[in-house]
*Asks:* 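Shown below is the structure under consideration.
All of these numbers come straight from a predicted model, not from anything done at the bench. Hydrogens, waters and symmetry mates are skipped; everything else that's a heavy atom, side chains included, is used. Protein chains get the first letters and strands the later ones, always in sequence-line order, with residue 1 at the start of each.
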Amino acid sequence: MSDIKSHIQSQIDANPVMLFMKGTPQFPQCGFSAAVVQILDYVGVDYGSENVLASDELRQGIKEFSDWPTIPQLYVKGEFVGGCDIVREMFENGELKPFLAEKGLIQQDA
Amino acid sequence: MSVAETLKTKLEAGLSPTELEIEDQSYLHKGHAGAPEGGESHFRVRIVAAAFEGKTRLQRHKMVNEILAEELAGPVHALTMVTDTPS
């Protein structure tokens, strides 16, 4: 495994919810990344993040790693969940919270 | 052929959709980093196709990404998609 791929794998292993995004949660530099940040903050889950704009190697590497051509990319417990559209659809359809709760990452609503 | 026409041709050939909407949303991103002059960089597509039957959202998006791999590596900077089945 190349260095960048093992770096990505270690990030995914270390963070149960891991977001690869443009910018940072405080300063997203893309509307799609900002949307996922907003949703994750809203559901109240802790997550790790990495700014792909800080490294060309990471920006290319994550696309190959996930076999997914766009950023942002969300991983939950080592599993690739999807990009902005998928996260947004899961949220809007009320699937995201149960999905995270089932994995013990947030408290399920009573 | 414009980028939008290329997307349409490829998606029709690859998925035989019963409904296909392609919207150039580049105007929403005008002037931001990486947005080229003249638009055709940000698209929204809505695809209804029987080919999505029994597939998860992730699998459906991957099918579309594969069909449009060349465009996504080139002129298309962002692609928002809604994927549905006729049923």
*Asks:* Pick one of side chain, backbone, both or neither for E95(A), based on which atoms fall under 4.5 Å of a heavy atom in chain B.
*Replies:*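 Just the side chain, heavy atoms under 4.5 Å.
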*Asks:* Can you say whether F32(A) sits under 4.5 Å from chain B via the side chain, the backbone, both, or neither, judging by heavy atoms?
*Replies:* side chain
*Asks:* Just how far is it from atom CD of E66(B) to atom CG of D67(A), taken to the nearest 0.5 Å?
*Replies:*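 Going from CD on E66(B) over to CG on D67(A), the span is 6.5 Å.
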*Asks:* Any chance CD of E102(A) has more than 12 other-residue heavy atoms, nucleotides or ligands included, within less than 6.0 Å?
*Replies:*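 12 or below, so no.
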*Asks:* Between NE2 of H61(B) and CD of E89(A), what distance do you get to the nearest 0.5 Å?
*Replies:* 5.5 Å
*Asks:* Would you say that more than 12 heavy atoms from the other residues, nucleotides or ligands in this model lie under 6.0 Å from the CD of E70(B), or not?
*Replies:*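 Count not over threshold, so no.
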*Asks:* Find the one option among M81(B), R60(B), R57(B) whose heavy-atom pairs under 4.5 Å with chain A are most numerous.
*Replies:* R57(B)
*Asks:* Could you grab the distance from atom OG1 of T70(A) to atom CG of L72(B), nearest 0.5 Å is fine?
*Replies:*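 Between atom OG1 of T70(A) and atom CG of L72(B) there are 7.0 Å.
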*Asks:* Would you find more than 12 non-hydrogen atoms of other residues, nucleotides or ligands less than 6.0 Å from D46(A) atom CG?
*Replies:*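 Count not over threshold, so no.
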*Asks:* Drop me the distance from K63(A)'s NZ to N65(B)'s CG, to the nearest 0.5 angstrom.
*Replies:* 11.0 Å
*Asks:* Where on L68(B) is there a heavy atom nearer than 4.5 Å to chain A: the side chain, the backbone, both, or neither?
*Replies:*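 For L68(B), neither part sits under 4.5 Å from chain A.
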*Asks:* Can you measure from OG1 (T80(B)) to CZ (R88(A)) and round to the nearest 0.5 angstrom?
*Replies:* 6.0 Å
*Asks:* Is there a chain of hydrophobic side chains (I, L, V, M, F, W, Y, each step under 4.5 Å between heavy atoms) that links Y42(A) to V36(A)?
*Replies:*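 Yes, one cluster joins them.
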*Asks:* Quick check: is W68(A) connected to M90(A) through a chain of hydrophobic side chains (ILVMFWY, heavy atoms under 4.5 Å apart)?
*Replies:* yes
*Asks:* For Q38(A), I'd like to know if atom CD has over 12 heavy atoms of other residues, nucleotides or ligands within 6.0 Å.
*Replies:* no
*Asks:* For F27(A), does the CZ atom sit with more than 12 other heavy atoms under 6.0 Å from it, leaving out its own atoms?
*Replies:*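 No, CZ of F27(A) has 12 or fewer neighbouring heavy atoms, counting only those of other groups under 6.0 Å.
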